[in-house]
Amino acid sequence: MTPERLKETMGNAEVGAFALDDKNESRWILTGEIDISVHEKFREVWSVDRRSATPVDVDMSDVTFIDSSGLRILYDARRATPEDEVPTLTNVPERVRWIIDVTGLTEMFRLVPAAPES
């Protein structure tokens with residue numbers, strides 16, 4: 001699923017959602033409020049022991065809220081990424097970045113800002 005298609009199917013932007021990119025299953029897309037309900041949906045798609053062949057890239061550009069269940073998804077991105085690699089968090093909103101920093105998880109990821117639009 002593309003980020004655009006996920007937004008279309010979501011309706012209310014505050015409702016959280018998780019999707020794998022249709023073209024690259026190691027690209028995860030999170031939108032809206034990332035809480036226990038999103039974690040449950042995530043678990044339906046990505047099992048605890050499933051691994052990615054390439055580093056996971058989590059697009060967080062439309063995340064409005066994240067709680068400990070959402071942070072667990074990020075931790076799972078770390079576990080799913082090949083051992084000698086680092087997962088990427090892309091387009092992390094400032095308030096979500098603050099939560100990641102406060103919880104001490106920043107060192108587990110490579111954070112990448114949004115690419116400038118041309």
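Quick note: residue numbers are just sequence positions, from 1. What's counted below: heavy atoms across the whole structure, side chains too, no hydrogens, waters or symmetry copies.
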> Quick one: OG1 on T64 to CD1 on I34, what's the gap to the nearest 0.5 Å?
Replying inline: 7.5 Å
> Do you know the tightest heavy-atom contact between I100 and L71?
Replying inline: CG1-CD2, 4.2 Å
> Which residues satisfy the salt bridge (Lys or Arg N to Asp or Glu O under 4.0 Å) test with E25, sequence neighbours excluded?
Replying inline: R50
>> Run the side-chain contact (heavy atoms from CB on, under 4.5 Å) test on V58 and V92 for me, step by step, so that the C-alpha distance in whole Å, both residues' side-chain angles and the decisive distance to 0.1 Å come before the verdict.
In response: CA-CA 9 Å; V58 183; V92 181; over 6 Å; no
> Can you tell me how far CD of E33 sits from OG1 of T31, rounded to the nearest 0.5 angstrom?
Replying inline: 10.5 Å
> With side chains defined as the heavy atoms from C-beta onward, is the minimum distance between M108 and Y75 less than 4.5 Å?
Replying inline: yes
> Hey, what do you get for OG (S47) to CG (D76), rounding to the nearest 0.5 Å?
Replying inline: 9.5 Å
> Rounded to the nearest 0.5 Å, what separation is found between the OG atom of S52 and the CZ atom of R27?
Replying inline: 13.5 Å
> In this structure, are over 12 heavy atoms from other groups packed under 6.0 Å from R43 atom CZ?
Replying inline: yes
>> Pairing donors with acceptors under 3.5 angstrom, does anything connect the side chains of D57 and T90?
In response: yes
>> The test is side-chain contact (heavy atoms from CB on, under 4.5 Å); show your working for I29 and M60 and say whether it passes.
In response: CA-CA 7 Å; I29 304 161; M60 301 184 73; over 6 Å; no
> More than 12 heavy atoms of other residues, nucleotides or ligands under 6.0 Å from CZ of R51: is that the case?
Replying inline: yes
>> Testing the basics here: between T54 and S26, what is the closest heavy-atom pair and its distance to 0.1 Å?
In response: OG1-OG, 2.9 Å
>> Testing the basics here: between P82 and P55, what is the closest heavy-atom pair and its distance to 0.1 Å?
In response: CD-N, 3.8 Å
> When rounded to the nearest 0.5 angstrom, what distance separates CG in N91 from CG in D62?
Replying inline: 8.5 Å
> If we ignore angles and hydrogens, is there a donor and acceptor under 3.5 Å between the side chains of D101 and T106?
Replying inline: yes
> Which pair of heavy atoms, one from P87 and one from R78, lies closest together, and at what distance?
Replying inline: CD-NH1, 3.5 Å
>> Quick check on the 6.0 Å ring-centre criterion: do W28 and F42 meet it?
In response: yes
> Roughly how far apart are I73 CD1 and D67 CG, rounded to 0.5 Å?
Replying inline: 9.0 Å
>> I'd like to know whether R97 forms a side-chain contact (heavy atoms from CB on, under 4.5 Å) with L111, so could you lay out the CA-CA distance, the side-chain angles of the two residues, the decisive distance to 0.1 Å, and finally the verdict.
In response: CA-CA 9 Å; R97 168 69 190 259; L111 281 81; 3.3 Å; yes
> D22 side chain to N24 main-chain N or O, any donor-acceptor pair under 3.5 Å?
Replying inline: no
> Should F18 and V45 be marked as a side-chain contact (heavy atoms from CB on, under 4.5 Å) after you check the CA-CA gap, both sets of side-chain angles, and the distance that decides it?
Replying inline: CA-CA 9 Å; F18 166 84; V45 175; 3.9 Å; yes
